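The structure appears below as C-alpha cells.
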2 protein chains.
Amino acid sequence: MENELDHADCPVTATIALFGGRWKLLILYVLSRNTRRFGEIQVRIPAISKKVLTEQLRELEADGLISRKEYKELPPRVEYALTDFGKSLCPLLIDIAAWKRKNIG
Amino acid sequence: MENELDHADCPVTATIALFGGRWKLLILYVLSRNTRRFGEIQVRIPAISKKVLTEQLRELEADGLISRKEYKELPPRVEYALTDFGKSLCPLLIDIAAWKRKNIG
DNA sequence: AATAGTGGTAACCTAAAAGTGACTAATGGA
DNA sequence: TCCATTAGTCACTTTTAGGTTACCACTATT
C-alpha cells in the first residue's frame, strides 16, 4: 500500500503558501507593475486595512518575495518592490490564470 | 490610474480556491491514483477526521472536481473519483510542483 | 443479544486570521 | 499654535476553518 500522506510534504502546498494569503496576490500584482509606497498600495486595494496590509507585506518580505526600503525622511517614506525571487513567480501565476481561462472561463 | 483591485476578481485566487483547502490536494492526489471508498481515503490520510474529510469531499464535489457514487447496499458503500475536470487540474499541479523544485529546491 | 462494519451527522470547542478604530512620531507649513 | 502628512502600532472583536467526541442507521454474523 501507499505510504501515509501528510500535507506538510506537499510541494504544491508549500508553493501556494507563498502567495495564498488573503491579499498577497493582489499586492504582488500591484508591485509587478511598479515599485510602490505603502500608501500607493493601499489606494489600489482599498478594501484592505493598514494593519492587514502591514502583516501581509511583512510575510511577503519574510518569504523573500518583496523588498522593503525605508527612507529616513519625514513624513516617512517606504518603498516596496518585487525581488528577483518574487518576479520568478510571475510566469507561474500567469500559467494558473491561463489554466482558469481555458478550463473555467 | 489603475482601477481599484478586489481579490474576488483575481483568476489565480479563484483557481487556488478549488484546491486550497487544508486536505484537498491530498485527497485529489489519492483519487488521482484510483477511485476510492470513503474509508480507503481515511486510511491513506489518517490525520484527517471523518467530519473534515466529509466536508472537504463535499466541497470538492460542489466544485465539480470529484464525483460521489453511492451504492444502495448495507453496510454503505460510497465511491469517490476524479471527474474529467478534476483530472484537468493535474498538469497544473505538476507545473506548480515543478516551479518549486526549480526555484526553491 | 451483542458486535462489527460503513459512511456519515450533531453539538460543541479552539486557534488563527482578519477586521475596526483610535493612536503615534516627527517635521514643515499656514 | 495647530494641522497635515506617512507608515505604521495597539488593543480589541469578529469570523472562519478546522478539530473532537459521541452518536446513528441497517444488516449479517456469532
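In what follows, every heavy atom counts, from backbone to side chain, and hydrogens, waters and symmetry copies are set aside. Being a predicted model, the structure only gives us computed values, none of them experimental. Below, chain A is the first sequence line, B the second, and so on; all start at residue 1.
- None of L82(A), L31(A), T35(A), T83(A) except one satisfies the side chain to side chain contact (heavy atoms under 4.5 Å, CB included) rule with S67(A); the exception is T83(A).
- We find that CG of L53(B) is positioned 15 Å from P of dT6(C), with the value rounded to whole Å.
- Atom CD1 in I45(B) sits about 12 Å away from atom P in dG19(D), given to the nearest Å.
- Look at R37(B) and you'll find a side-chain N or O under 4.0 angstrom from OP1 or OP2 of dG7(C).
- Summarising the geometry, the separation between NZ on K24(B) and C1' on dG18(D) is reported as 12 Å, rounded to the nearest angstrom.
- The two residues F85(B) and G64(B) come nearest to each other via the heavy atoms CD2-O, 3.6 Å.
- Among the heavy atoms of the strands lying under 4.0 Å from Y80(B) are primed sugar atoms or P, OP1, OP2 only; no base atom is included.
- Distance Q42(A) CD to dT9(D) C1': 14 Å, rounded to the nearest Å.
- The interatomic distance linking E40(A) (CD) with dA7(D) (C1') rounds to 13 Å, in whole Å.
- Judged by distance alone, the side chains of Y80(B) and R36(B) never bring a donor and an acceptor atom under 3.5 Å apart.
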*Would you give a per-nucleotide map of nucleotides 12-30 of chain C, 5' to 3', where B means the base has a protein non-hydrogen atom under 4.0 Å away, S means only the sugar-phosphate does, and - means neither?*
------BBB-----BS---
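- A cation-pi contact links R77(B) to Y71(B), judged by a cut-off of 6.0 Å to the six-membered ring centre and 45° from its axis.
- At least one side-chain nitrogen or oxygen of R58(B) sits closer than 4.0 Å to the OP1 or OP2 atom of dG8(C).
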Residues 94-105 of chain B side chain polar contacts: donor-acceptor under 3.5 Å, at least two apart:
| residue | atom | partner | partner atom | Å |
| --- | --- | --- | --- | --- |
| W99(B) | NE1 | S88(A) | O | 3.1 |
| K100(B) | NZ | G105(B) | O | 3.4 |
| N103(B) | ND2 | W99(B) | O | 3.0 |

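- Checked for salt-bridge contact, K51(B) and E55(B) meet the test: a charged N lies under 4.0 Å from a carboxylate O.
- In this structure, the CG atom of L57(B) is 14 Å from the C1' atom of dT6(C), given to the nearest Å.
- At whole-Å resolution of the value, CD in E70(B) and P in dG8(C) are 7 Å apart.
- Summarising the geometry, the separation between NZ on K72(B) and P on dA25(D) is reported as 16 Å, rounded to the nearest angstrom.
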